Amino acid sequence: MISRLRTVAALAIATVGLATAHATAATFAAWQVTNVSFGDTLNVRKYPSGESQKQAAYPNGTVLQMTGKCTGGVNLLDISGQPEWKQEQLVRYLWCQIWHDPARNGNFVTGWVYGRYITPY
């Protein structure tokens with residue numbers, strides 16, 4: 001009986017631990033690079049400015065992991081229920097933050113892309 005209670009208690013603790021870990025996991029919005037001129041790429045910047053250090057560049061069709069944060073207080077997760085054209089319009093002149101691995105070595109960092117060149121995926 002005591003052994004069975006210990007097993008039930010251990011399972012309950014493990015379940016709570018998993019639920020807590022799941023609740024604190026990061027949520028990303030998937031957006032895609034679009035409208036970049038033929039043969040060109042979308043630059044990812046360290047800060048939300050065209051003058052900031054370039055971290056990487058992605059061609060049209062690349063799916064980006066967006067943190068949701070954009071300049072001007074817009075959050076992509078908050079606007080995700082709106083029509084695609086409306087979402088594009090809301091971020092067109094803003095910078096939006098992405099989570100990416102510019103060196104492709106497992107070291108993910110945040111960077112910024114200009115909203116004119118992204119669309120919901």
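Values below: every heavy atom of this structure, side chains too, minus hydrogens, waters and symmetry copies. Quick caveat: nothing in here was measured; it's all calculated off a predicted structure.
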Exercise for the section: Could you list the residues that satisfy side-chain contact (heavy atoms from CB on, under 4.5 Å) with A57, not counting sequence neighbours? Expected result: T41, N43, K54
Practice task
Could you tell me which residues satisfy side-chain contact (heavy atoms from CB on, under 4.5 Å) with N107, sequence neighbours excluded, listed by chain and number?
Solution key: N105
Fill in the blank from the handout: Interatomic distance, OG1@T34 vs CG@L42, rounded to 0.5 Å, equals 10.5 Å
Exercise for the section: Check the hydrophobic clustering (I, L, V, M, F, W, Y; side-chain heavy atoms under 4.5 Å; chains of links allowed) and say if V36 and L94 are grouped together. Expected result: yes
Problem - M66 vs W99 side-chain heavy atoms within contact, under 4.5 Å - result: no
Exercise for the section: Using the disulfide (SG to SG under 2.5 Å) rule, collect all pairs that involve residues 86-121, keeping only residues at least two apart or in two chains. Expected result: C70-C96
Handout entry: Any side-chain heavy-atom pair of V44 and W112 under 4.5 Å
Key = no
Handout entry: Residue pairs involving residues 76-95 (criterion ring pair (Phe, Tyr, Trp, His ring centres under 6.0 Å); sequence neighbours excluded)
Key = W95-Y114
Practice task
Return each pair, listed once, that meets side-chain hydrogen bond (donor to acceptor under 3.5 Å, both in side chains) where at least one residue sits in residues 61-75; pairs must be two or more places apart or across chains.
Solution key: T67-Q97
Problem - Pairing residues for E88 by the side-chain hydrogen bond (donor to acceptor under 3.5 Å, both in side chains) criterion, not counting sequence neighbours - result: T119
Problem - With Y117 via ring-ring contact (aromatic ring centres under 6.0 Å, His included) - residues at least two apart - result: none
Problem - I79: partners by side-chain contact (heavy atoms from CB on, under 4.5 Å), with sequence neighbours left out - result: V74, L76, Q82, Q87, L90, V91
Practice task
Working to the nearest 0.5 Å, report the span between CD1 of I98 and CH2 of W31.
Solution key: 13.5 Å
Exercise for the section: Applying side-chain contact (heavy atoms from CB on, under 4.5 Å), name anything that partners R92, two or more places apart in sequence or on another chain. Expected result: R116
Exercise for the section: Report the hydrophobic cluster partners of V63, with the cluster defined as I, L, V, M, F, W, Y residues connected by side-chain heavy atoms closer than 4.5 angstrom, directly or transitively. Expected result: Y121
Fill in the blank from the handout: Excluding Y47, membership of its hydrophobic cluster (Ile, Leu, Val, Met, Phe, Trp, Tyr; side-chain heavy atoms within less than 4.5 Å) reads none
